[in-house]
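A quick write-up on the structure given underneath.
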Number of protein chains: 2
Amino acid sequence: MTPEKMHGGRRGRGRPQSFDRTQALCAAMRLFWDRGYDGTSFDDLIATMGISASSFYNAFGSKEALYHEAIDTYMSVAGAWLFAILNEDADTRTVFQDLTTAAASEFTRDDLPAGCMISVAATQCSPAQTRLRDLLASHRTRSEDAMADRLRKGVEAGDLPAGTDIGALAAFYGSLLRGMAVQARDGASRERLLEIARIGMQAWPAGQARSV
Amino acid sequence: MTPEKMHGGRRGRGRPQSFDRTQALCAAMRLFWDRGYDGTSFDDLIATMGISASSFYNAFGSKEALYHEAIDTYMSVAGAWLFAILNEDADTRTVFQDLTTAAASEFTRDDLPAGCMISVAATQCSPAQTRLRDLLASHRTRSEDAMADRLRKGVEAGDLPAGTDIGALAAFYGSLLRGMAVQARDGASRERLLEIARIGMQAWPAGQARSV
DNA sequence: TTTTTTCTGGTGTCATCGCTCCATAAATCC
DNA sequence: GGATTTATGGAGCGATGACACCAGAAAAAA
């Protein structure tokens, strides 16, 4: 085990890295986000990250290891809004309203690639990438489970009818978010995504005031 | 221009093909459907199709040309249910109800790959595949436009309120279908997809009886 | 300064990918 | 049957992908 490649601690003995690891990782994340795993070549990566092949290999181990790190970074940084909103202290309906509208905004930021890095990744891939596919699918499941948990709390709090099908409702909003991610990648505007979000909230259980 | 590689007419002059072109095309379609364009290699293709490299190249021209043919085949065969339902002579709400439930069934057939070949394809790809990405995106747009057209007829027929935002509603159901396609690829059951479809129909405009 | 430890650029390697060429086999037309 | 036309199998090609190695450079520790 190497001693974690000096995390800020900066007390290694030899020559220090000439590049910012975090920054390089972020650059890689954006590239993977935009082009997917297969669509991003080794050469693209080191060019974008501004480092040499050996530095790359030395600092990140392999393309696949870097992808894992990029996913983790995405989950804890760029995709953190989802879990943050699910932990909001608000009415359950409000939480999901915020969730869908935030998705519309986050999927169309002009400082980041469109859509979501996880939502649609590795749904079609070669048998050699089964591990990657499973990883991505598990992340999707995790997001959906988090939504289900929040819905369950909503039922307990009386925000939702007792008989509400938690799993189905979470799957519905999960589907909607993933569909919105595809739309975003196809170039849909933020306004269009907000309209989709608004209509999606019309499906919220039990009688609300409705309008179209 | 070669004379269309003898379509059934069987009146070419030289040695006849030893394989069924349509059947080989179908096999290729399934492989592309399952693994995507990048995830499907030349060798995978000719192995599955049961032909040699030169036969492949002779009969289909290139991997990309074959992909185009596979997409066309999908649209006119495996994905035909969508347009068929949109042309049904029924109440607009019924049409969309049928659409979403049919999607649940079609996305989980046990004789075909899960999900949809078009919905989620090439959303993340290398710059070299911009053409492919645009092609897929245009197919998605076409499906959504077809839904919008049907909704417009619904407004004209009085099935929907005059002020209905056609584009937004079509985008909503487009998103839902694409999300369902991802769920299907991740292994969601037909029942789960039907639940998603059912909830999606709760978002239908104007006061319907509602229950969860 | 010397030693030690680590980073860095450049080059090389091995596999795979999509594709092509060529000699040959198998049909049809005369 | 002979000529013509087309398909087939097999070998191989150039490009690219991901990775590995090595000699040298640079900084901390002694």
Side-chain angles (χ1 to χ4, degrees), chain A residues 1-21 23-24 28 31-32 35-70 125-129 131-132, chain B residues 1-25 28 31-32 35-70 125-129 131-132:
Chain A
M1 282 283 159
T2 50
E4 283 305 314
K5 296 283 191 282
M6 57 192 71
H7 272 303
R10 169 123 306 309
R11 54 173 175 207
R13 216 199 295 223
R15 173 177 172 179
Q17 277 180 330
S18 66
F19 62 93
D20 182 338
R21 195 179 190 282
Q23 196 172 318
L31 209 58
F32 278 133
R35 306 183 179 183
Y37 182 77
D38 261 353
T40 308
S41 76
F42 199 84
D43 291 348
D44 290 340
L45 282 170
I46 61 176
T48 301
M49 299 165 83
I51 62 179
S52 72
S54 49
S55 298
F56 173 94
Y57 195 66
N58 187 38
F60 297 102
S62 70
K63 184 185 169 184
E64 188 173 347
L66 174 62
Y67 189 71
H68 288 318
E69 280 202 61
C125 61
S126 73
Q129 286 160 343
R131 292 215 324 259
L132 231 62
Chain B
M1 285 283 159
T2 49
E4 283 304 315
K5 297 284 189 277
M6 60 194 71
H7 274 303
R10 171 119 305 307
R11 49 166 179 213
R13 223 211 278 236
R15 175 177 172 178
Q17 278 180 329
S18 65
F19 61 94
D20 181 338
R21 195 178 190 280
T22 305
Q23 196 173 318
L25 181 55
L31 209 58
F32 279 133
R35 305 183 179 182
Y37 183 77
D38 261 352
T40 308
S41 76
F42 199 85
D43 290 348
D44 290 341
L45 282 169
I46 61 176
T48 302
M49 298 165 83
I51 62 178
S52 70
S54 51
S55 297
F56 172 93
Y57 195 67
N58 187 37
F60 298 102
S62 71
K63 184 185 171 187
E64 188 173 346
L66 174 63
Y67 189 71
H68 288 320
E69 280 201 62
C125 62
S126 74
Q129 286 159 344
R131 291 214 325 258
L132 231 61

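Just so it is clear: chains get the letters A, B, ... in the order the sequence lines come, proteins before strands, and each one is counted from 1.
A heavy-atom distance below 4.5 Å is not found between the side chains of Met49(B) and Phe19(B).
Considering only the side chain of Pro16(A), dA27(D) comes nearest among dA27(D), dG9(D), dC7(C). Distances were taken from every side-chain heavy atom of Asn58(A) (C-beta onward) to each of dT8(C), dT8(D), dC19(C); the shortest belongs to dT8(C).
In this structure, SG in Cys125(A) is found 12.0 Å from CZ in Arg131(A), a value given to the nearest 0.5 Å. The CZ atom of Phe56(A) lies 8.5 Å from the NZ atom of Lys63(A); values are rounded to the nearest 0.5 Å. Rounded to the nearest 0.5 angstrom, Thr40(A) OG1 and Asp43(A) CG are separated by 12.0 Å. Rounded to the nearest 0.5 angstrom, Leu66(B) CG and Ile46(B) CD1 are separated by 12.0 Å.
No engagement by Phe56(A) is indicated, since no non-hydrogen atom pair under 4.0 Å with the nucleic acid exists.
Per the geometry, CD1 belonging to Ile46(B) stands 15 Å off C1' belonging to dA7(D), to the nearest Å. In this structure, OH of Tyr67(A) is placed 14 Å from P of dA18(D), rounded to the nearest angstrom. Residue Arg21(B) contributes atom CZ, which lies 12 Å from atom P of dT8(D) at whole-angstrom precision. For the pair Lys63(A) NZ and dT16(C) P, the interatomic distance rounds to 15 Å; values are reported in whole Å. Protein atom CD of Gln17(B) is 12 Å distant from nucleotide atom P of dT6(D), rounded to whole Å. Summarising the geometry, the separation between CG on Leu31(B) and P on dC17(C) is reported as 12 Å, rounded to the nearest angstrom. As rounded to whole Å, 11 Å separates atom P of dT8(C) from atom CZ of Phe60(A).
The nearest heavy atom of DNA chain D to Ser18(B) and to Glu64(A) marks one nucleotide each, and the one closer to the 5' end goes with Ser18(B).
By the side-chain hydrogen bond (donor to acceptor under 3.5 Å, both in side chains) test, Ser52(B) pairs with Ser54(B), Ser55(B), sequence neighbours left out. Not counting sequence neighbours, the partners of Gln23(B) by the side chain to side chain contact (heavy atoms under 4.5 Å, CB included) test are Asp20(B). Evaluation of the salt bridge (Lys or Arg N to Asp or Glu O under 4.0 Å) rule for Asp44(B) yields Arg35(B) as partners, not counting sequence neighbours.
For the pair Gly39(B) and Ser126(A), the tightest heavy-atom approach, listed with the atom from each and the gap, is O-CB, 3.2 Å. For the pair Leu25(B) and Ala70(B), the tightest heavy-atom approach, listed with the atom from each and the gap, is CD1-N, 4.0 Å.
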Show the distances under 3.5 angstrom between N or O atoms of the protein and N or O atoms of nucleotides 23-25 of chain C.
unit_1	atom_1	unit_2	atom_2	d
dA25(C)	N3	Arg15(B)	NH1	3.1

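Non-hydrogen atoms lying under 4.0 Å from DNA chain D are contributed by Thr40(A), Ser41(A), Phe42(A), Asp43(A), all within residues 38-45 of chain A. Residues from residues 47-54 of chain B with heavy atoms under 4.0 angstrom of DNA chain D, sorted by number: Ser52(B), Ser54(B).
The aromatic rings of Tyr67(A) and Phe32(A) stand perpendicular to each other, their planes meeting at an angle above 60°, with 30° marking the opposite boundary.
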